[in-house]
Amino acid sequence: MNCFKRERYILVLAVALYLLTCYNIYRALDAHIVKENKILLPTLEIRLDRNGSWHIFREDCQEHNVVKHSHVSKDYPQLTIHRVDSRACQHPNNTGDNGDKAAIYVEKEWPSIDLGYPQYVYTVSGWIQVVEVASYTAKPALHVIVVPHSHQDVGWRETVDACFSSHAKSTLSNMVTKLEEHRKWKFIWAETAFLSRWYDGASDTEKQSLKRAISDGQLEIVSGGWVMSEEACIHYAPMLDQLIEGHLWLNSTLNVKPTSSWSVDPFGHSPTMAYLLKGAGIDKMVIQRVHYAIKRHLAQSQKLEFIWRQSWDVHGSSDILCHMMPFLTYAVLYSCGPDPHICCQFDFYKDKCFRGSKVIKSEPVTDNNIKKLAWALWEQYQKKAQLYNSNVLLVPHGDDFRYDTMQEWDKQLGNMEKIMAFMNADKDMNIKIEFGTITDYFRTLEVDRKQHSKSENSVMQNHILIGDFFPYNDRDDQYWTGFYSSRPLYKFMARTLQARLRMAEIFYTLTLGHLLKSHNNNHLLLQLDSKLADLQQARHAQATFMHHDGITGTSKKDVTKDYASLLQKALSTVEELLKLLLAITVPQEEDSLKSHIKMAQEWPVATAPPVFTVANITTSMVLVTNPLTSTWVYAVKMQIADPRLRIFTLDGKQVKQQVNPVFNWKLEVSQIAFELVFEAEMPPLSVKSFRLMSVQQASKEYASLTILNLDHNVFGSGSPFKSVKSVEESFDIENSFLKATFSSCKGTLQHVMRRSDDQSSKVEIKFLMYGTGSWTNPFKDKSGAYIFLPDGPAKEQDIKYPPMVVLKGPIMWSVLTVLPGVLHEVTLYNVSGSLDAGVHVKNLVNLADSQWDNKELVMRLVSDIHSPNDDVCVDLNGFQLNRKRWQAGRLIQGNFHPVNTMAYIEDGHQMRLTLLMDQAHGLATLNSDPL
């Protein structure tokens, strides 16, 4: 046995020496030929793959340079494309059309904003208060409104159910009791999801106490949304829906219409939310999480209160008065003034806080310490008042999940009440303090400004501000841009639910209207009526996930799974409703099929992507819907068990279609399913029926395949697909409008040519990875669910001749590439609609793979379209566009922006590269114009 092992080792060594000798001989010959002939030949590289096979590659991939043309070809059809006017994307150097040149344009302000953060200063919490007040001039007759509050996350560290049962339920019960006992105490509440749930289980006495407190102004329902909504990686439609759900409940149950907004925990703020709030009847708002440098910048000129205006608004019809809180968070220690070690003493439910290594105890108010505490608090109020240009001061008093015990109510508000009485009675302090709500504050502010506006020297005015507050940063280099793409599967799931829920709402309404006009449909009307509660339940599920720790992906793992289960259940509910609605539309002669309707794509497992339902010969009908208000041509995809199945119209005509193999992550072909893609031209708001039938002669619909960089044939014997192998360095896929060129060495797209005028542009797709942390500084934080903290520029993945398959057929040409950890697919469609005008890119990534640990994967589009100002136009919530410019001081992580539907770069020669997306992402253009 030992002799055998020795012989095997000698054989392996001999083979290795042989390969090395061959390689060196090639190198020597290569060098000699180059020297003699003065030509440049490709050098080769030998690699060992994971399966133990040796491969010889070119060391460097060829660059494919395409000459640009400008003549117009008449051989190809012209397609009318509606493009976004460049003027719709606000330019940072453009004061816009609103006529106010004195307005504050956030993007224009960035170059002059000081981003400095204290270094080598360490605190117990890790955060430093950067908005400081070194000196102050006491404001006479300062009017302070103290607003007790409790921020109730609808899921975060605990599930939605746990947050309600552990905190919100007791807080609300204690609230109605204490407000009944103490008529001068006040409170605000924001989360309608928890309020409605508490109300359903409340006693009649509690309900009456709640309504009385609201009627008397002791309790204010602020914002009124179902949750405190996320504002970055959320589409405007569910952002609006969660607002509608909350307002509907408040109006129908409590006869309440909110007029003030309180949004203190979303990670940055969008003008889209301000616009929607104004449309909902809210004209005053409070925000909190804004970049520390912006807060400091605005505070220096007393501009923390402003009129927030939309960039397109000429007349100010969308204006909303906004109060920006100046300090780090909404907690008590960051609310009364600029010195947390002073303010923390007034959080009477905590027993201590810290200043450096010194412990500061929180003590109840007594006759012995009330004077000292009162003057300390008075000074904090006066310091904070220096940051605003009025004599009215807003001071929140609360934090996360506070006031959930009777003891806290008594300690917090009881002690504050004693101090307030002492300060109000002290003439030397010349101050008025009272409990209030957000509306109380703004009402008092309005009175104060009217009084002082009569003075010729008055500086009290409302500044106009235009722009958004992304990205958010609360310290140093820690930009909260990681959550733009955290847990992307659930961002995609949320967008899927949004689409299907909207489709169900539309068809529910149309079907109901149709049935009401007909006769003898009472049984169907009763069915629809019974499903209305299901529709509302799905809307509530979607609204719950719009919470700022839901769709952001910033909750704990078990909470995220709970959210996913909630979304999956809502999807299932909506799909069952859609099946019922579609069944009603099936022709009478197909009544037997109504109980067998299935969705073409379903989501059976909440933690994995959706899967296709495989149709067989018993599936005799296919229903296609168009919930849009315009005619649309679809390339409808479904999976079939038999490759001979084809789509026909109801009158027996075969439609344009294509059959493709179904591949897995390794480009292995499924033996039980095939992809059927067919063209369907759909009128607005319609449902169209097609027949699925088996045919014998169907070879023309089978996709032809070209295999690159694979040693084996992906198809077994008896496959209906024809395939050939190719060793070409580059190849094309095309349709009537575009030709896309690929590199078989790099495995990705390189150029796109527009066939109407032969205009060719470089559009190279690359995949790169950011690392995180630091080898030289073990204490440096790493990227996480919230924060993107790279360790330097992204490193391009080492990709050479990856496995590729090219599919060509009458409906679509596609390229599938197996990249490290990514199944990358690029498609050109050939249907009679606008789908043909774009290059469709799909990336399937398994983030559970350990290779992504402490890594950030990015797809980069490198083009020869250069923005003259290094800027990029990105959407905000799919509702409006903003132009962003590279800001060197914000580092790499601070130059990523939230995008929900689109982004583009353009040059000065009518060339534009537009990226459309079907879910939220983080996007940047870093200096040299790649997206």
Side-chain donor-acceptor contact under 3.5 Å, His547 with Asp153: yes

Does a donor on one side chain sit under 3.5 Å from an acceptor on the other, for Ser170 and Asp404? no

Determine whether the aromatic ring centres of Phe483 and Tyr786 lie less than 6.0 Å apart. no

If the test is salt bridge (charged side-chain N to carboxylate O under 4.0 Å, His left out), which one of Arg449, Lys450, Arg443 qualifies with Glu446? Lys450

Can you tell me how far the CG atom of Leu298 sits from the CD atom of Glu109, to the nearest 0.5 Å? 7.5 Å

When you measure from the side chain of Asp399 to the backbone N and O of Tyr330, does any donor-acceptor pair fall under 3.5 Å? no

When you compare the side chains of Ser555 and Glu158, does any donor N or O come within less than 3.5 Å of an acceptor on the partner? no

Out of Trp249, Phe194, Trp189, which residue meets the ring-ring contact (aromatic ring centres under 6.0 Å, His included) rule with Tyr199? Trp249

Can a side-chain donor-acceptor contact be found between Tyr236 and Asn900 if the only test is distance below 3.5 angstrom? no

Pairing of Asp265 and Arg289 as salt bridge, 4.0 angstrom limit: yes

Would you call Val131 and Tyr292 a side-chain contact if the rule is heavy atoms closer than 4.5 Å? no

CA sep, side-chain torsions, deciding dist, call: Tyr275, Trp312, ring pair (Phe, Tyr, Trp, His ring centres under 6.0 Å): CA-CA 12 Å; Tyr275 181 83; Trp312 69 83; 5.5 Å; yes

Hey, is the main chain of Ser173 close enough, under 3.5 Å, to the side chain of Glu206 for a donor-acceptor pair? no

Regarding Lys186 and Asp216, does a basic nitrogen lie under 4.0 Å from an acidic carboxylate oxygen? no

Is it true that Thr437 and Asp440 share a donor-acceptor pair across their side chains at a distance under 3.5 Å? yes

Between Arg197 and Asp161, does at least one N-O distance fall below 4.0 Å, as a salt bridge requires? yes

Are the aromatic rings of His167 and His151 close, with centres under 6.0 Å apart? no

Pairing donors with acceptors under 3.5 angstrom, does anything connect the side chains of Arg309 and Ser318? no

Tell me if the centroids of the rings in His897 and Tyr484 come within less than 6.0 Å of each other. no

Phe470 and His291 aromatic centres sub-6.0 Å: no

In terms of side-chain heavy atoms, does Asp468 have a donor or acceptor partner in Ser270 at a distance below 3.5 Å? no

Check Arg402 with Asp347, please: is the shortest side-chain N to carboxylate O separation under 4.0 Å? yes

Just jot down the side-chain contact (heavy atoms from CB on, under 4.5 Å) partners of Leu240, sequence neighbours excluded, or say none. Ile244, Leu276

With ring centroids as reference points, do Phe187 and Trp409 lie under 6.0 angstrom apart? yes

Taking atom types as modelled, find out whether Thr329 and Gln288 have a side-chain donor-acceptor pair closer than 3.5 angstrom. no

Residue pair Ile145, Glu434: steps toward the side-chain contact (heavy atoms from CB on, under 4.5 Å) verdict: CA-CA 5 Å; Ile145 306 295; Glu434 60 181 329; 3.7 Å; yes

Trace of the side-chain contact (heavy atoms from CB on, under 4.5 Å) decision for Lys384 with Phe327: CA-CA 9 Å; Lys384 185 176 180 179; Phe327 305 127; 3.9 Å; yes

Distance only, no hydrogens: is a donor on one side chain within 3.5 Å (strictly under) of an acceptor on the other, for Arg539 and Gln242? no

Nearest 0.5 Å please: distance from the OG atom of Ser223 over to the CE atom of Met228. 6.0 Å

Is the ring centre of Trp308 less than 6.0 Å from the ring centre of Phe469? yes

side-chain contact (heavy atoms from CB on, under 4.5 Å) evaluation trace for Phe442 with Thr259: CA-CA 11 Å; Phe442 282 111; Thr259 59; over 6 Å; no

Compute the centroid of each ring, for Tyr490 and then for Tyr563, and state whether the two points are separated by less than 6.0 Å. no

Where do Ile433 and Ile419 land on the side-chain contact (heavy atoms from CB on, under 4.5 Å) test, with the steps shown first? CA-CA 9 Å; Ile433 313 174; Ile419 292 180; 5.9 Å; no

Across all chains, not counting sequence neighbours, the side-chain contact (heavy atoms from CB on, under 4.5 Å) partners of Pro238 are Ile234, His235, Gln498, Gln542, Met546

Considering the options Tyr472, Trp480, Phe788, which one meets the ring-ring contact (aromatic ring centres under 6.0 Å, His included) requirement together with Phe267? Trp480

